[in-house]
Amino acid sequence: MILNTSSLNCIAFPDWAYKPESSPGSRQIQLWHFILELLQKEEYQSVISWQGEYGEFVIKDPDEVAKLWGLRKCKPHMNYDKLSRALRYYYNKRILHKTKGKRFTYKFNFSKVVLVNYPLLDMASSPFLLQNHFNGGSAAPDCSPVTPEVRKEERRK
DNA sequence: GTCGGAAAGA
DNA sequence: TCTTTCCGAC
């Protein structure tokens, strides 16, 4: 295939995540955005990194991630317990879901994130598509189950 | 560890 | 609206 192993290290991070905000709604830095930011930098690979399937990441050092997040938000008492609660609120929004059975492991719903935040994105220029193709190119490989809860959330927005 | 309700904060 | 804080339940 076209992709070599070295490119795999940094590929799972499309440019759209750089954009500070898009749709009218986001003001402050968002947690999922911050996570993506850490994921994008090699210097944090011992703290948090992509692992497993596309979109899946592992928090190797929960305390450190919480500390960094607390620093960014000026919340000196941040910890993983509270950070993870914020992540759990993403489940219904279908930005993230839990990879069950794997400790500290979550998975991004890139399709959802893109659709919601960057509807006019030129997909062709994003490595996201490339990777998707690499995995077999199924249309929506990482959709969270659509529970009634989710639908409720969807309607509310 | 993980989940999700409840309430308060920015 | 998106967390932050607290916490009982599993």
Please determine whether a side-chain nitrogen or oxygen atom of A/K98 lies at a distance below 4.0 Å from atom OP1 or OP2 of B/dC3. no
In whole angstroms, how far is the C1' atom of C/dC2 from the CD atom of A/Q28? 9 Å
Listed partners of A/F34 passing ring pair (Phe, Tyr, Trp, His ring centres under 6.0 Å), at least two apart: A/W69
With distance as the sole test, does A/K41 use its side chain to make a donor-acceptor pair with the main-chain N or O of A/Q45 at under 3.5 Å? no
What is the distance, rounded to the nearest whole Å, between atom CG of A/L87 and atom P of B/dG4? 13 Å
Give a yes/no answer on whether the side chain of A/Y91 brings an N or O atom under 4.0 Å of OP1 or OP2 in B/dC3. yes
Please name all residues satisfying side chain to side chain contact (heavy atoms under 4.5 Å, CB included) with A/D61, sequence neighbours left out, ordered by chain then number. A/V47, A/D63, A/E64
Value in whole Å for how far the P atom of C/dT1 lies from CH2 of A/W32: 17 Å
Every protein N/O lying under 3.5 Å from an N/O of nucleotides 5-7 of chain C:
residue	atom	partner	partner atom	Å
C/dT5	OP2	A/K82	NZ	3.2

Considering residues at least two apart in sequence or located in another chain, which fulfil the side chain to side chain donor-acceptor pair (under 3.5 Å) criterion with A/Y44? none
Students often get this wrong, so: under 4.0 angstrom with heavy atoms, is A/Y90 touching a base, only sugar-phosphate, or nothing? sugar-phosphate
Using the six-membered ring wherever Trp is involved, compare the ring planes of A/F57 and A/W50 and label them parallel, tilted or perpendicular (cut-offs 30° and 60°). perpendicular
Grab the CD1-P distance between A/I95 and C/dC2 for me, whole Å please. 8 Å
May I ask you to evaluate whether A/W69 reaches the phosphate of C/dT4, defined as a side-chain N or O under 4.0 Å from OP1 or OP2? yes
Round to a whole Å and report the spacing from CD of A/Q30 to C1' of C/dT3. 9 Å
Ignoring backbone atoms, establish whether A/K73 has a side-chain N or O less than 4.0 Å from OP1 or OP2 of B/dA10. no
Holding to salt bridge (charged side-chain N to carboxylate O under 4.0 Å, His left out), I want the full list of residues that pass it with A/R72, two or more places apart in sequence or in another chain. A/E37
What are the residues of residues 60-68 of chain A, sorted by number, that bring a heavy atom to within less than 4.0 Å of DNA chain C? none
Can you name the residues that form a salt bridge (charged side-chain N to carboxylate O under 4.0 Å, His left out) with A/K60, not counting sequence neighbours? none
Could you give the CG-to-P distance, from A/L96 to C/dC2, as a whole number of Å? 13 Å
Given atom NE2 of A/H97 and atom C1' of B/dT2, what is their separation to the nearest angstrom? 15 Å
Partner set under side chain to side chain contact (heavy atoms under 4.5 Å, CB included) for A/Y90, not counting sequence neighbours: A/Q30, A/L31, A/W32, A/L87, A/K93, A/I95, A/L96
Who are the side chain to side chain contact (heavy atoms under 4.5 Å, CB included) partners of A/N79, not counting sequence neighbours? A/D81, A/K82
Whole-Å distance between B/dA10 P and A/I29 CD1? 19 Å
